[in-house]
Trainee: 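Provided herewith is a single structure, encoded as structure tokens, for subsequent inquiry.
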Amino acid sequence: MEIQKQFVALETIVVKEVRRFTRIWIQTLLPPAITVALYFVIFGNLVGSRIGEMGGFDYMQFIVPGLIMMSVITNSYSNVVSSFFSTKFQRSIEELLVSPTPNHVILIGYVLGGVARGLSVGLIVTGLSLFFSDLTIHNWLVMTSIVFLTAIVFSLAGFINAVFATSFDDISIVPTFVLTPLTYLGGIFYSLKMLPEFWYYVSLANPIVYMVNGFRYGILGVTDVSLWITYGMILMFIGVFYSWALYLLNRGSGIRS
Amino acid sequence: MEIMTAALVVKDLNKVYKGGFQALKGISFQVEQGDFMALLGPNGAGKSTTIGIISSLVNKSSGSVEIMGVDIDKDFSLAKKFVGVVPQEFNFNQFEKVADIVRTQAGYFGIDKDIASERAEKYLKLLGLWGKRDEVSRNLSGGMKRRLMIARAMVHEPALLILDEPTAGVDIELRRSMWDFLVEINKQGTTIILTTHYLEEAEQLCRNIAIIDNGEIVENTDMKSLLRKLDSETFVLDLAKDIEELPELAGYAFRLVDAHTVEVDVAKSQTLTPVFAVFSDSGVEVKSMRNKTNRLEELFVSIVEKSITD
């Protein structure tokens, strides 16, 4: 397929994905906004006012970057896993498989759809945070690059989950038992420096710690971990997940008999 | 003289599914450009597996497939451009609008938005769905959903259109309008492969026929040659008045269905003139006459039964 036509196919997939999550905005865009608004009210305003400073900022300011990142992570993941699995379930994936669209275009299209939802929810949550806290950006480049790259990582992870999934239960296992614990233990609500030494080092094995801290650096200018390790880890995950997802697509795992 | 490339060449195609079930046992057949071919066979014979391999939904175990001269092992991406598939099951997003489904499919083939919109309008109009373009697809009737899948398969204007039981569960009027559409696009040059359980449909539409059974091609010929193989036909005669006894006519076997309906077996070497004459001589008029079963159906059953006993 010629490059120009590949771009048409890519645009088609992305537009279809964006159309899907905006059509069902009550299920996709509204719930994270409500959930995060509750976090702001309860943890930020009510509890946070008694906690005082953390990392040199008041508690509300400290948790805002983490909550934005949590929304981006969960939404980019769940968009791709649910969308790709439902195309498998409804067999509308066959529309793509019978077309000359190359597998890498299919993968990138779904990933960009996940990134679009992750960033849309991120923007909504950021807008909500302005009602509770001032937002000053320390480094625009770091902030935007970290959030964009993180959304890619979790969109790719969602795609791999969807390829292996054979039932709707399978698409909720990873978010419930892996993603949520890692996110909550990823330094959203606390600084790693508060932890005992053992748990500090255990936390460093959690990749979400790096993403949350990298994003927090972009907004507040403080981080518990090295920015270089953060970029290195995110790029490594992108490389591994992209190669794995493309391999599965080329093999036809779960989609061709 | 230039030799035209065949629309489809299937050679020694094998498919063994996980678990060891062999769905195809080295089938070979060829479909010329412009042909209207029927691919028939009982349920589970291997028709859908064959279509699945041609359209890339099923991985073949061995053998080769060439579409418009392009080997799918060498350039499947190019080969796919030549094929449009209308599957047996509904396989579109039930929550998308009709026009969006067709336009999106065009996009997957790299067709620009403007052309995609024009084509969507053209085929939705031809298939009587333009008025439903903004309807969510799950709200369509079964017949409309089948036509939607045809419009979707035609949007990239493929050289080869494969339809897997497109008229299953479709009422007679709609079926005939779909036949008209298929005949028209075939006249315009689209090669068509049709699988169907309505053998009347295959006899009426198709010029060539391949019968697949138990993963093997058991017949592959043109429709006329196949029908010539029919040894005898059974006709049903409706009589103008009741009769109590069957007429006697050497070489013809009559059966009384009821007082005014008679069946008669007529061999290929015989004619119907003596049958009419014998009723006429006894003062009974024949009001109407019809084939007891579809001719192709009789052949199909005999071929498939033979393949089972062999």
Side-chain angles (χ1 to χ4, degrees), chain A residues 1-28 82-110 112-113 166 248-257, chain B residues 15-19 21 23 48-49 51-61 70 75-97 100-113 115-116 136-138 149 152-153 155-156 158 162:
Chain A
M1 196 182 202
E2 300 89 334
I3 290 289
Q4 195 195 342
K5 293 192 171 182
Q6 288 188 27
F7 274 108
V8 174
L10 179 67
E11 186 190 352
T12 304
I13 298 169
V14 176
V15 168
K16 180 180 73 84
E17 285 301 288
V18 172
R19 200 167 56 216
R20 188 192 80 89
F21 78 72
T22 49
R23 184 178 62 226
I24 51 170
W25 62 275
I26 291 179
Q27 296 169 49
T28 55
S82 57
S83 176
F84 194 72
F85 180 71
S86 63
T87 60
K88 270 173 58 177
F89 187 75
Q90 295 190 67
R91 296 180 59 181
S92 58
I93 186 66
E94 291 176 4
E95 294 177 334
L96 264 170
L97 299 180
V98 301
S99 78
T101 307
N103 287 334
H104 67 269
V105 173
I106 296 175
L107 179 58
I108 294 169
Y110 272 91
L112 289 180
T166 54
L248 292 170
L249 263 182
N250 289 338
R251 262 189 63 193
S253 300
I255 48 175
R256 284 193 172 95
S257 32
Chain B
K15 174 64 188 176
V16 181
Y17 283 102
K18 278 180 191 170
F21 172 66
S48 294
T49 299
I51 292 170
I53 291 171
I54 297 165
S55 57
S56 91
L57 299 176
V58 176
N59 293 325
K60 64 186 168 62
S61 301
V70 180
D75 194 348
F76 213 162
S77 178
L78 178 60
K80 284 175 180 178
K81 288 182 189 172
F82 299 122
V83 185
V85 185
V86 181
Q88 215 176 99
E89 311 279 343
F90 301 129
N91 69 342
F92 46 80
N93 187 327
Q94 302 279 326
F95 303 100
E96 290 270 349
K97 290 177 183 172
D100 286 340
I101 288 170
V102 181
R103 280 195 290 255
T104 298
Q105 187 68 14
Y108 293 158
F109 279 81
I111 297 167
D112 287 330
K113 273 186 215 158
I115 301 171
V136 174
S137 61
R138 72 172 182 275
M149 292 202 295
R152 186 187 61 180
V155 76
H156 64 287
I162 303 173

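Quick note on labels: first sequence line is chain A, next is B, and so on, each numbered from 1. Just so we're clear, the structure is a prediction, and the values are computed from it rather than from any experiment.
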Trainee: Please evaluate residues A:Arg19 and B:Thr104 with respect to the criterion side chain to side chain contact (heavy atoms under 4.5 Å, CB included), reporting the C-alpha separation (whole Å), side-chain torsions for both, the decisive distance (0.1 Å), and the verdict.
Mentor: CA-CA 12 Å; A:Arg19 200 167 56 216; B:Thr104 298; 3.4 Å; yes
Trainee: Give, as side chain, backbone, both or neither, the part of B:Phe76 having an atom under 4.5 angstrom from any heavy atom of chain A.
Mentor: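 Contact with chain A involves no heavy atom of B:Phe76 at all.
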Trainee: Any residues in residues 86-99 of chain A near chain B, with a heavy-atom distance under 4.5 Å, and which are they?
Mentor: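 Contacts with chain B: A:Gln90, A:Arg91, A:Ser92, A:Glu94, A:Glu95, A:Leu96, A:Leu97, A:Val98, A:Ser99.
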Trainee: Quick one: what part of B:Tyr17 sits under 4.5 Å from any heavy atom of chain A, side chain, backbone, both or neither?
Mentor: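 For B:Tyr17, side-chain heavy atoms alone lie under 4.5 Å from chain A.
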Trainee: I'd like to verify something: which residue of A:Thr12, A:Ile106, A:Val15, A:Leu10 has the highest number of heavy-atom pairs under 4.5 Å with chain B?
Mentor: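 The residue among A:Thr12, A:Ile106, A:Val15, A:Leu10 with the greatest pair count is A:Thr12.
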Trainee: Using every non-hydrogen atom in the two residues, find where B:Tyr108 and A:Lys16 come nearest and quote the distance to one decimal.
Mentor: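 What the structure gives for the nearest pair is OH-CE, 2.9 Å.
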Trainee: Counting heavy-atom pairs under 4.5 Å with chain A, which one of B:Asn93, B:Asp112, B:Val58 comes out on top?
Mentor: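 Looking at each of B:Asn93, B:Asp112, B:Val58 in turn, B:Asn93 comes out on top.
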Trainee: Any idea which heavy atoms bring A:Pro100 and B:Lys81 closest together, and the distance?
Mentor: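 Minimum heavy-atom contact is CG-CG, 3.8 Å.
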Trainee: If I measure from the heavy atoms of chain B, does A:Arg23 come under 4.5 Å with its side chain, its backbone, both, or neither?
Mentor: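 Just the side chain, heavy atoms under 4.5 Å.
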Trainee: What part of B:Gln105 lies closer than 4.5 angstrom to a heavy atom of chain A: side chain, backbone, both or neither?
Mentor: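 The answer is the side chain of B:Gln105.
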Trainee: Side chain, backbone, both or neither: which part of B:Lys18 has a non-hydrogen atom closer than 4.5 Å to chain A?
Mentor: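 Neither; nothing under 4.5 Å.
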Trainee: With only heavy atoms counted, which part of B:Ile54 is less than 4.5 Å from chain A, the side chain, the backbone, both or neither?
Mentor: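 It is neither, since no heavy atom gets under 4.5 Å.
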Trainee: Please classify the contact of A:Gln6 with chain B as side chain, backbone, both or neither, using a heavy-atom distance under 4.5 Å.
Mentor: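 Nothing of A:Gln6, per the 4.5 Å heavy-atom cut-off to chain B.
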Trainee: Got a second to check how far A:Thr101's OG1 is from B:Lys80's NZ, nearest 0.5 Å?
Mentor: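 Interatomic distance, A:Thr101 OG1 to B:Lys80 NZ, rounded to 0.5 Å: 8.0 Å.
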